[in-house]
Number of protein chains: 2
Amino acid sequence: MEFPNWILQRAHVSPDRTALSCGEEKWTFRELADEALDMAGKLRTAGLEEGTRVGLLLESGPEAVFLIHGALLAGLELVMLNSRLTEAELDYQVRDSEAACVIASDRLLEKAGPEALSAGRLAASEGATLDPAAVWPEDRTMTIMYTSGTTGFPKGVRQTAGNHFSSAVASVLNMGLSDDDVWLCAMPLFHISGFSILMRSLLYGMEVRLQTKFDEEAAAREIAEGTVTRISVVSATLARLLNRLEESGLRASGNFRTMLAGGGPVPVPYIRRAQALGIPILQTYGMTETSSQTATLSAEEAVRKAGSSGKPLFLNRIRIEGAEAPGEEGEILVSGPHVTPGYVGKFSDHPAQTDGWLHTGDIGRIDEEGFLYVLDRRSDLIVSGGENVYPAEVEQALVSHPSVLEAGVTGMPDDRWGEVPAAFIVVRTEVGEEELRDFCAERLASYKVPKAIIFTDDLPRNASNKLLRRELKKRLGNRN
Amino acid sequence: MEFPNWILQRAHVSPDRTALSCGEEKWTFRELADEALDMAGKLRTAGLEEGTRVGLLLESGPEAVFLIHGALLAGLELVMLNSRLTEAELDYQVRDSEAACVIASDRLLEKAGPEALSAGRLAASEGATLDPAAVWPEDRTMTIMYTSGTTGFPKGVRQTAGNHFSSAVASVLNMGLSDDDVWLCAMPLFHISGFSILMRSLLYGMEVRLQTKFDEEAAAREIAEGTVTRISVVSATLARLLNRLEESGLRASGNFRTMLAGGGPVPVPYIRRAQALGIPILQTYGMTETSSQTATLSAEEAVRKAGSSGKPLFLNRIRIEGAEAPGEEGEILVSGPHVTPGYVGKFSDHPAQTDGWLHTGDIGRIDEEGFLYVLDRRSDLIVSGGENVYPAEVEQALVSHPSVLEAGVTGMPDDRWGEVPAAFIVVRTEVGEEELRDFCAERLASYKVPKAIIFTDDLPRNASNKLLRRELKKRLGNRN
């Protein structure tokens, strides 16, 4: 299967519809395609040939969208870099992905290193006229996004045109689509949660209402006025949005259709508050390897099936490894055209699928009605304000400090971020909490730095000496 | 790409939604899957193994839907037989497709020949329990539908799972989808126009409101009451529906969303009447080889672009062979995942695509805004009440009469059917009009039998002796 070039086809099919708006500015699909074509020519003139991998370190905004679409038109593979990473973390991803260069927003240029291209300077340069490919093959790698794994080494996940297409189509078959749909995007574009909104916009012919950073006051107002009809949130932004709506005495317009909530089950009290405000919440389960949602719980089932992530989307299948009857626990396996074909760099030899199934590393069960419950995120994943924090990666940073003998990291509840990392430390020589935090901050994005450091004599381990992170969570509970 | 089994997946994902209703009866997707599973077991017990080709000659109704879905679950290839064909025409299609057997509704059993299986007897038989395939490959042949060609020999068009899927997805990306959508199906299920509604139902999780035959009174009432939101029509049914709505003083409910009009441009007066009744008409261009729509004109452009079939759907591309500038005429070529991979039987060696493009045989042009105008249907196709009539096929029947020397067939305007065939005849020996009509009726479905027979001394031919059917149309005009 191959697709007509999504950007040109959308501009051809519905040129005058609004594609993008941000603040007071807006662009039609024709205008967006023109901006992207212009940018594609500049990328080519800058020496970036079709198939080249390029790192993008961008602040969210219309210019980022032009650059992303331009790079897609130029046939590049986009390594989407998280702007919250440290220089060392970025450097690892750029080297691992063998990106030919990094293009960075001017405010992030320093972080991107001395060889990075300035996005501003690129936009101001002279570009050639480029004749973009008329068709995109299904297996074209469009994006590479890094996700940490159990080893502590981030893995570069390939996302193809077929992955993004299948994800968007499965979503529309679940949620529907109307001519007047507008999706509020306050999620980072370097995450699949934000990037997938850009893809849906192209495929659906739908307006993206872009916030450069999450602004709950504006979001609440737009939901109440019906100027947006869809929104994606994580628990931290959900809480802020509900608070703001309640404080302002606002409720959702009848035009507002769905709120897609990622990053773990939403507590029932939040669901009831959302319902009281007229907001249908769809809870989802997904990951970078599935190019966004793989299962979604419908708003009608949100209370009856509280804690569940719902059912697979139409194009996907989900099963529990080894489960012979409903309700049995095991690793969650996912199959479908939205699943990545594999990784780049260090993990390019590690198959992403076994017999067509992605082994997520997450533990779950499926009840007799087919609803998925995620019991334990892979590697005891900590989701903090929508960002994934992998304990193994934080532990590795900690044990590289000369005074640290052993480290064990787990998630700690936090009112603002949902969860934050907490570290248990066995020391070799005496060291202060602040020194360890500073040490981590040099190596890890700030959201990964432990917010609590607990010194202890030993870490809980099983017979084969494997760290029991669930026991850490219990110890944490006992302390509070 | 492969799909989860559409029937089982839909029953899994939304078991309690209404899948099908007919009169007072209705079935959920769970119930429909159960009926289909039951039927699949009976088909297997009747000796029909996976991959077997089977002819279906069915009256429209819930039982036909159960049998179609059951045959899909049993992994059969469905040769969808037009119930208006003569025994000789049916026999040709059954032999050409090498169908292992024909299953016929009881009222059509005689026509289907002595070896046909009775659908009623099959439904009443005992069946085994069948464990259907969990996945359907993209290239699985689901259906075979016959379409006549320039030679007069009908060609069996293969339609794969990928074709039906792409068609339904491209349509939803154009028309949108709501939870409360209900599609009124009064089109024959053996045509792609009706069959594609069943596929959309499975993929969208949408109710099909089935009419066993077109009932304009009921259709008008449902459109006015908003109990249906979508409908497919051809010009003949459109005219009857508009008349009925106007006579009853009804107008479309605000819930009613789109009327999909196939079989050639809708005259502007009809569009204005529909608009006055609150009905948005989407005119489409499509064919059996493209598994339904390939281009669609939006309701907003219906008057400004009168006569156009609109723009390609998102997954498709359309171009005019040889055209170097907008507006130039030529053969219409179509590319996309909805295009058949090829034919069966006699035409299995004839490639359906050349370098990925289907040569439709239709002549058209594309204006500077990208709107397609179909100027001349392939082989001077006559569309009569939604059925395609190929002049070559009718001419071939006529010249097989011993008294007929030459025959030329063209379309003649008709208030009820849009067009009907008219034949010009050069005789060898004297013969009556009635005798020729009876002779045709034995060989051709009734809608193909010429409604007017005009005796003449010669037929208009060009230098290379090719019949000029357009000249026949002029002669017809001069007579009136």
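Reminder, nothing fancy here: chain letters follow the sequence lines and each chain counts from 1. As the structure is a prediction and not an experimental result, all values here were calculated from the model.
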**Asked** So which of B:P337, B:P4, B:G176, B:G356 has the biggest tally of heavy-atom pairs under 4.5 Å with chain A?
**Response** B:P4
**Prompt:** Of all of B:D181, B:V172, B:V13, which one pairs up most often with chain A through heavy atoms under 4.5 Å apart?
**Reply:** B:V13
Of the backbone (N, CA, C, O) and the side chain (C-beta and beyond), which part of [X] lies under 4.5 Å from a heavy atom of chain B, both, or neither?
| X | value |
| --- | --- |
| A:N316 | backbone |
| A:L8 | neither |
| A:R10 | both |
| A:V169 | side chain |
| A:Y204 | both |

**Message:** Using modelled atom types and a 3.5 Å cut-off, is there a donor and acceptor pairing between side-chain atoms of B:Q9 and backbone atoms of A:L313?
**Reply:** yes
**Message:** With rounding to the nearest 0.5 angstrom, report the NE2 to CD1 distance, A:H12 to B:I318.
**Reply:** 8.0 Å
**Request:** Measure the CE-CG distance between B:M175 and A:D179 for me, rounded to the nearest 0.5 Å.
**Result:** 10.5 Å
**Asked** Does any non-hydrogen side-chain atom of A:P15 lie less than 4.5 Å from one of B:E369?
**Response** no
**Request:** Select one option (side chain, backbone, both, neither) describing which atoms of B:P312 are under 4.5 Å from chain A's heavy atoms.
**Result:** both
**Message:** Quick one, A:F314 with B:F3, criterion side chain to side chain contact (heavy atoms under 4.5 Å, CB included). Give me CA distance, side-chain angles, the key distance, then yes/no.
**Reply:** CA-CA 9 Å; A:F314 190 81; B:F3 306 102; over 6 Å; no
**Request:** Could you tell me whether B:E368 atom CD has more than 12 heavy atoms of other residues or ligands within 6.0 Å of it?
**Result:** yes
